[in-house]
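Order of appearance sets the numbers: ligands from 1, and atoms from 1 within every ligand. Just so it is clear, the structure is predicted and the values come from calculations on it, not from any experiment.
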Amino acid sequence: MTYANLIAGEWVQGTDASRNINPSDTNDVIGEYDRASAAQVDDAIAAARKAFPAWARTTVQQRSDILDKAGTEILARREELGNLLAREEGKTLAEGMGEVGRAGQIFKFFAGEVLRIQGERLGSVRPGVDIEITREPLGVIGMITPWNFPIAIPAWKIAPALAYGNCVVMKPAELVPGSAWALADILHRAGVPAGVFNLVMGRGSVVGAALVKDARIDGISFTGSVPTGRGILAEAASRGAKVQLEMGGKNPMVVLNDADLELAVRVSLDGAFFSTGQRCTASSRLIVEDGIYDKFVASLAEAVGKLVVDDARKAGTNIGPVVDQSQLDQNLKYVDIGRQDGAKLVVGGERLERGTPGFYMAPVVFAEASNEMRISREEIFGPVASVIRAKTYDEALALANDTQFGLCAGICTTSLKHAAHFRRNIETGMVMVNLPTAGVDYHVPFGGRKGSSYGPREQGRYAAEFYTQVKTAYVNQAL
Ligand code: UN1
């Protein structure tokens, strides 16, 4: 089947199509997804601009009803959509269904939040003047979403955008158009008016580039790689567009001598390897204090060795395949780099063959890694973790902060003193105490510091910072 783009409320065929392949079984074709041309992106932006004034004036009830309806359908189709997601992206069925549930909840959250859009009323320093501060929609938002969360990330950009009265032109990642198409279909049938939400699938170099450079786009929300994000920022800044970027991570999980070992291993296993390590929140640096280091490495290696790597949708699979050949090549290249740089490969690192042709590899633990090695500095985006030794808590904290990134960090400890100190002194946007770095709630701010993020936070009511603009009104009481 061929899936078309949604432009101005119509399903529009592209000039060519991309084939959506199952990474667990490359013989399994999910469908052909139309690529939008630059001219079609232009049509989508024009449609969004045209729809914006009326959409911005809809009542909060109208927007709430549409978001609620979309959320209800997503939740009702959790199993089917989770299956599609696992089939196109390669995370396990349980993770796929969990992600669909999260997407549904996000729509429900913003269906409520739209009713609570607030302003402020203040007194003036001058007599006889009222001041009112209100939030207005930003306008037309361009969205570029990544392949690792094919439905949750589109949901957490689209739901607030629509809630606050914006129109959207979205380009999903070319590797996973299926979940985004399903979401577009749901929104269309939930009653989103023509032009308010547009789906344009295809290549970043054509569709993404056309979106980013278009002066009719008021804001760009992007999640993806650092180089692409920086390029978008430069281009968008040159024309004064608002930008929100979520990029890489090299998130540390600190394990102190006083940690509950079993908990620390469980938390590190989840953070580093679940979803095949393909999360910007993954714990790819495990910074472990000397006194527990050897025990931790042995327990973690044992647990990693037991992980079942197989078809994402097969019962009993813990870790699905890597998303595609180039990501697999990159992961295996880093395994070689880690070895050459002198880290000790404790477990994993080999290419695996399974019953179907897919991009399988054994999750990797590198011990005796230093924080200077490339495997500890560069985001690999695969199931590869460096275990770094620290002599003291202070050294562990310093190592944790010694990175270009600042998305999330974790600490496993039973010491209130160290947990509290870590919370205050870690240079990240999110911090976890005795919890995995990955796997966040949907109703609270998400985002990082340093090289990980740029612009206002996503999610929760903080999403309003990006999707609205503030107006300060002064009114003379005398008239
Ligand atoms: C999570 O860890 O629950 O691309 C979410 C990413 C992040 C989302 C992570 N933007 O991995």
Trp156 heavy atom under 4.0 Å from ligand 1: yes
Flag, side chain of Glu235 to backbone of Lys213, donor-acceptor distance under 3.5 Å: no
Close-contact set for ligand 1 against Ala438 heavy atoms, below 4.0 Å: 2 (O)
Any donor-acceptor pair under 3.5 Å from Ser370 side chain to Glu372 backbone: yes
Full working for ring-ring contact (aromatic ring centres under 6.0 Å, His included) between Phe446 and Trp156: CA-CA 10 Å; Phe446 178 93; Trp156 82 47; 5.3 Å; yes
Proximity to ligand 1 by part of Glu99, non-hydrogen separation under 4.0 Å: neither
Glu246-ligand 1 polar pair, N/O distance under 3.5 Å: no
Side chain, backbone, both or neither: Arg279 near ligand 1, heavy atoms under 4.0 Å: both
Donor + acceptor pair across side chains of Glu32, Ser18 (<3.5 Å): no
Heavy-atom nearest neighbour in the protein, as seen from atom 3 (O) of ligand 1, with distance rounded to 0.1 Å: Arg102 NH2, 2.7 Å
Arg389 charged N/C atom sitting above Tyr293 aromatic ring, 6.0 Å / 45°: yes
Minimum-distance protein heavy atom relative to atom 9 (C) of ligand 1: Thr281 OG1, 3.5 Å
N/O separation below 3.5 Å, Val440 to ligand 1: yes
Phe381, portion touching ligand 1 at heavy-atom distance under 4.0 Å: neither
Criterion side-chain hydrogen bond (donor to acceptor under 3.5 Å, both in side chains) on Asn371 and Ser376, from CA distance to verdict: CA-CA 5 Å; Asn371 200 46; Ser376 306; 4.9 Å; no
Geometric cation-pi criterion Lys157 and Phe466, 6.0 Å radius, 45° cone: no
Interfacing atoms of ligand 1 (cut-off 4.0 Å, heavy-atom, Asn148): 4 (O), 6 (C), 11 (O)
Test item, Gly439 contacting ligand 1 (heavy atom, 4.0 angstrom): yes
Under 3.5 Å donor-acceptor, Ser179 side chain and Ile151 backbone: no
Atoms in ligand 1 flagged as close to Ile153, the criterion being non-hydrogen separation under 4.0 Å: 4 (O), 10 (N)
Validation row, ring centre Phe381 to ring centre Trp147 under 6.0 Å: yes
Phe446, any N or O under 3.5 Å of ligand 1 N or O: no
Nearest non-hydrogen protein atom, atom 11 (O) of ligand 1: Cys280 N, 2.6 Å
